[in-house]
Amino acid sequence: MGTAEQVGKYKGLQPFVEILDSTLRDGEQTSGVSFLPHEKLIIARMLLNDLNVDRIEVASARVSEGEKEAVAMICRYAEKIDKLEHVEVLGFVDGGQSVDWVVSCGGKTINLLAKGSLRHCQEQLKKTPEAHIEDIRREVGYARKKGLTVNLYLEDWSNGMKDSPFYVYQLMDALCDCGIRRFMLPDTLGIMNPLQCIEYFRKMIKRYPDAHFDFHAHNDYDLAVSNSLAAVLSGAKGLHVTVNGLGERCGNAPLSSVQVILKDQFHAKTNIHENKLNDISRLVESYSGIAVAPNQPIIGDNVFTQVAGVHADGDKKNGLYQNELVPERFGRRREYALGKNSGKANIAKNLEELGLELTPEQTRRVTQRITELGDKKERVTIDDLPFIVSDVLKHDAPEDKVKLVSYVVSTAYGLKPGANIKVEINGQAYEASATGDGQYDAFVKSLRYIYRKYLDRTFPLLQNYQVSIPPGGRTDALVQTVITWNDNGRVFRTRGLDADQTEAAIKATFKMLNIYENEKNNEL
């Protein structure tokens with residue numbers, strides 16, 4: 001049966017695919033990544049509860065006391081929500097030491113690591129296949145006696161099928177009857193392509209039709225997602241993934257990409273809650289310190305941002321430039337970039353978002369100004385748009401309602417940074433001073449004191465603070481500060497540019513205060 005026929009066949013059956021997330025084990029093998037025990041617990045909770053992943057692989061046995069603490073915490077939590085069987089730990093054929101370690105943590109499932117290629121067996125273990133098989137059977141028997149469910153990794157299976165398939169079959173023939181729940185087939189070095197994956201999986205399934213096979217992909221040739229789909233097309237019942245594609249070397253198959261391809265291209269069923277994919281991505285990005293590329297499918301910052309004006313125009317005309325990957329599906333929203341490629345349609349979309357109505361001529365003039373800024377590599381955001389409109393159209397708009405009259409920030413060895421400020425709000429001057437954890441923190445605390453004492457109110461909370469060199473800039477050029485604010489659930493961003501980081505942050509803050517003050521005045 002050809003691949004196209006097979007897709008059609010499975011489309012009608014809608015096969016179910018188990019998803020094992022290995023972020024906390026294989027993902028932690030990313031260079032520079034080490035999760036603290038409480039971070040592991042929080043990630044595990046979100047994976048099991050919010051995302052509804054079928055299984056999570058949370059650690060390697062016998063690594064450290066910290067790892068043991070993390071596994072024990074996760075197991076206790078999983079038991080409370082009746083999902084202990086969903087928590088798995090990588091173990092080794094080591095005379096029962098890994099089994100005892102998992103049992104001492106309260107675990108119920110061990111993923112034993114065996115050698116899936118003759119070369120690994122002979123050159124790394126220095127053993128004959130017969131001796132390795134005997135060791136595995138003894139380990140499986142001991143684990144089952146201790147009450148553990150046993151899955152078995154055939155490490156380097158892809159090379160085993162390529163160079164020594166007789167060894168792989170010898171291993172499988174000897175182990176199929178010893179109570180192993182799942183056989184997990186890794187492309188350990190990421191060397192396969194989808195055609196090889198289909199060939200090797202079909203051979204395994206034809207020879208062992210009753211076995212449950214998982215596929216564990218690595219991304220060295222950027223084929224982890226394609227190979228995962230090929231494995232499912234050929235009969236794999238489970239796939240291994242990591243959040244954001246974390247993993248050793250080039251990483252593993254990214255959870256978000258595998259999920260949408262299974263659903264949209266293959267029409268398979270999973271238990272994943274797609275609207276939580278972005279949330280888990282942001283959490284792991286924060287804890288791991290590994291940034292997600294802006295153009296990473298599904299979870300990247302820019303993937304639901306239209307830049308070309310013709311695309312925005314097409315979206316207005318029955319969604320001509322949209323596919324099944326609509327942002328709302330993942331708890332996100334579509335945005336329309338402002339820059340030299342925007343065009344009137346992008347501007348109109350952003351004006352509509354702000355509730356601003358302009359004539360065609362006014363829109364043309366605003367578009368021209370944004371194009372000029374784009375040519376200078378200035379970044380324009382939706383929050384900048386009202387100010388550009390006011391400037392271009394030379395409205396007789398009132399001046400800023402919140403002005404910075406003067407300020408002094410200071411820092412000294414052994415003392416907390418301080419700030420003294422004088423501001424003008426709706427024509428009234430106010431002064432305050434405060435100390436904080438940094439100069440900007442002290443500045444904001446002074447502002448909040450003024451708002452609380454003199455105006456009997458507060459302003460939006462700072463949610464995120466990013467500092468960067470603007471695109472096209474140099475290390476000695478302007479600093480760009482982008483601050484994300486949360487106003488009772490409404491999230492928006494403001495930006496400040498200056499040679500000084502604190503000054504740039506202050507500019508972004510006053511931009512926010514003027515937006516906020518205008519909104520409050522409009523409500524009156």
Side-chain angles (χ1 to χ4, degrees), residues 17-29 40 44 47-48 53-63 67-68 70-72 74-75 78 83-117 120 125 132-133 135-158 160 168 171-172 175-176 178-188 204 211-218 228 231 236-242 246-248 252-253 255:
V17 181
E18 268 188 354
I19 301 296
L20 176 143
D21 184 279
S22 188
T23 303
L24 299 177
R25 199 277 298 176
D26 219 5
E28 199 177 30
Q29 291 179 197
K40 280 201 162 193
L47 287 169
L48 290 173
V53 166
D54 298 293
R55 298 148 55 200
I56 57 173
E57 191 175 44
V58 300
S60 297
R62 302 171 53 209
V63 168
E67 198 80 330
K68 190 171 187 177
V71 174
I74 292 169
C75 287
K83 288 192 173 182
L84 185 55
E85 298 289 343
H86 301 245
V87 177
E88 304 176 8
V89 178
L90 179 73
F92 308 94
V93 180
D94 54 11
Q97 295 182 75
S98 291
V99 170
D100 292 340
W101 193 93
V102 173
V103 171
S104 70
C105 293
K108 287 293 184 182
T109 303
I110 188 168
N111 296 337
L112 285 177
L113 187 69
K115 299 303 180 182
S117 69
H120 270 227
L125 297 183
H132 188 36
I133 288 169
D135 290 343
I136 296 168
R137 289 185 67 92
R138 187 183 305 112
E139 202 77 26
V140 172
Y142 182 67
R144 296 189 70 201
K145 183 179 177 181
K146 288 286 188 174
L148 297 183
T149 297
V150 181
N151 303 318
L152 187 73
Y153 273 113
L154 300 185
E155 186 182 18
D156 200 36
W157 167 79
S158 50
V168 177
L171 215 62
M172 288 294 302
L175 297 174
C176 273
C178 66
I180 294 170
R181 172 69 181 86
R182 301 176 184 88
F183 290 91
M184 306 196 294
L185 310 179
D187 182 17
T188 303
M204 294 292 287
H212 176 118
F213 290 117
D214 281 2
F215 179 58
H216 181 103
H218 279 263
S228 296
K237 294 180 180 178
L239 292 177
H240 296 193
V241 297
T242 59
L246 292 182
E248 200 162 20
N252 295 29
L255 166 61

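Position 1 is the first residue of the sequence, and the numbers go up from there.
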* **Contacts of Gln29 that satisfy side chain to side chain donor-acceptor pair (under 3.5 Å) - sequence neighbours left out** => Arg25, Asp26, Glu248
* To do: Say whether, by atom type as modelled, one donor and one acceptor occur between the side chain of Ser98 and the main chain of Phe92 under 3.5 angstrom.
  => yes
* Non-neighbouring partners of Asp21 that pass side chain to side chain donor-acceptor pair (under 3.5 Å), sequence neighbours left out -> Thr23
* **Shortest non-hydrogen contact from Ile110 toward Ala143** => CG2-CB, 4.3 Å
* Asked: So, the side chain of Lys83 versus the backbone of Leu48: is there a donor-acceptor pair under 3.5 Å, distance only?
  -> yes
* Structure fact -> Note: Ile56 and Ala44 closest approach over all heavy atoms is CD1-CB, 3.8 Å
* **Derivation of the side chain to side chain contact (heavy atoms under 4.5 Å, CB included) call for Val93 and Lys115** => CA-CA 10 Å; Val93 180; Lys115 299 303 180 182; over 6 Å; no
* Measure the shortest side-chain to side-chain distance between Ile74 and Leu24 over non-hydrogen atoms and say whether it is less than 4.5 angstrom. => yes
* Would you sort out whether Val102 and Lys146 count as a side chain to side chain contact (heavy atoms under 4.5 Å, CB included), showing the intermediate values? => CA-CA 10 Å; Val102 173; Lys146 288 286 188 174; over 6 Å; no
* Between Ser104 and Lys68, what is the shortest heavy-atom contact and its length? -> OG-CE, 3.2 Å
* Side chain proximity check, His216 to Glu155, heavy atoms < 4.5 angstrom -> no
* Measure from the side-chain N and O atoms of Thr109 to the backbone N and O of Glu88, and report whether any donor-acceptor pair falls under 3.5 Å. => no
* Taking side chain as C-beta onward, heavy atoms only, is Tyr142 less than 4.5 Å from Leu148? -> no
* Check whether any side-chain heavy atom of Val241 sits under 4.5 Å from a side-chain heavy atom of Asn252, and report yes or no. => no
* Asked: Does atom CZ of Arg144 have more than 12 heavy-atom neighbours from other groups under 6.0 Å away?
  -> no
